[in-house]
Amino acid sequence: MSDERLISILELRRHDGDDLPMLIAHQGVVYDVSDCPHWKKGLHEGLHFPGQDLTDELIDAPHGEEVFSLACVQKAGRLIIK
């Protein structure tokens with residue numbers, strides 16, 4: 001049995017950087033992007049808000065999944081959708 005943290009979509013939405021760390025999700029994995037320079041203002045490139053599942057948005061991004069391996073991106077858990 002995994003001890004990985006399970007994060008609901010409602011919990012993800014609360015992590016918008018106001019009182020809690022900024023979390024985003026991609027393909028079922030939740031990441032903490034609070035320390036990333038491109039997320040410092042709470043809005044990534046003027047397009048994306050924290051607290052969201054950005055799986056469908058990566059298609060239009062000028063980067064690929066390699067951004068999830070940056071040092072400032074920390075895996076926070078798995079997204080559960082009920």
Side-chain angles (χ1 to χ4, degrees):
M1 186 166 170
S2 174
D3 61 352
E4 189 170 44
R5 180 176 171 198
L6 299 177
I7 299 169
S8 70
I9 194 73
L10 292 175
E11 184 179 357
L12 175 66
R13 289 181 183 149
R14 286 193 296 267
H15 281 78
D16 60 4
D18 285 339
D19 296 323
L20 298 169
M22 288 184 279
L23 300 182
I24 61 166
H26 178 260
Q27 293 187 346
V29 180
V30 179
Y31 299 94
D32 185 334
V33 294
S34 301
D35 294 333
C36 295
H38 290 281
W39 284 95
K40 282 295 180 194
K41 295 181 181 178
L43 181 63
H44 179 62
E45 299 301 322
L47 299 170
H48 308 292
F49 293 95
Q52 304 291 313
D53 182 349
L54 299 178
T55 299
D56 294 335
E57 305 298 320
L58 193 65
I59 297 166
D60 298 324
H63 55 72
E65 293 182 18
E66 72 276 359
V67 298
F68 299 111
S69 63
L70 295 173
C72 65
V73 178
Q74 301 299 313
K75 187 174 176 185
R78 302 273 319 159
L79 184 64
I80 53 171
I81 301 174
K82 294 182 181 183

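For the single chain, residues carry numbers from 1 onward in sequence order.
For Gln74, the side-chain contact (heavy atoms from CB on, under 4.5 Å) partners at least two apart in sequence or on another chain are Asp32. Qualifying side-chain contact (heavy atoms from CB on, under 4.5 Å) partners for Glu11, counting only residues two or more places apart in sequence or in other chains: Arg5, Ile7, Ser8, Arg14, His15.
Counting only heavy atoms from C-beta outward, the side chains of His26 and Leu54 never approach each other to under 4.5 Å.
Considering all non-hydrogen atoms of both residues, Leu79 and Val30 come closest at N-CG2, 3.7 Å. The two atoms that bring Met22 and Gly17 nearest to each other are CG-CA, 3.4 Å, heavy atoms only.
Atoms CD and CD1, from Gln52 and Ile24 in turn, are 10.5 Å apart once rounded to the nearest 0.5 Å. Distance check, rounded to the nearest 0.5 Å: CG of Leu10 to CD1 of Ile80 gives 9.5 Å. Residue Gln27 holds its CD atom at 9.5 Å from CG of Asp53, rounded to the nearest 0.5 Å. Within the model, atoms OH of Tyr31 and OG of Ser69 stand 9.0 Å from one another, a figure rounded to the nearest 0.5 Å.
The hydrophobic cluster containing Leu20 does not contain Leu12, counting ILVMFWY residues as joined when their side-chain heavy atoms lie under 4.5 angstrom apart, directly or transitively.
Residue Asp19 places its CG atom among 12 or fewer non-hydrogen atoms of other residues, nucleotides or ligands, all under 6.0 Å distant.
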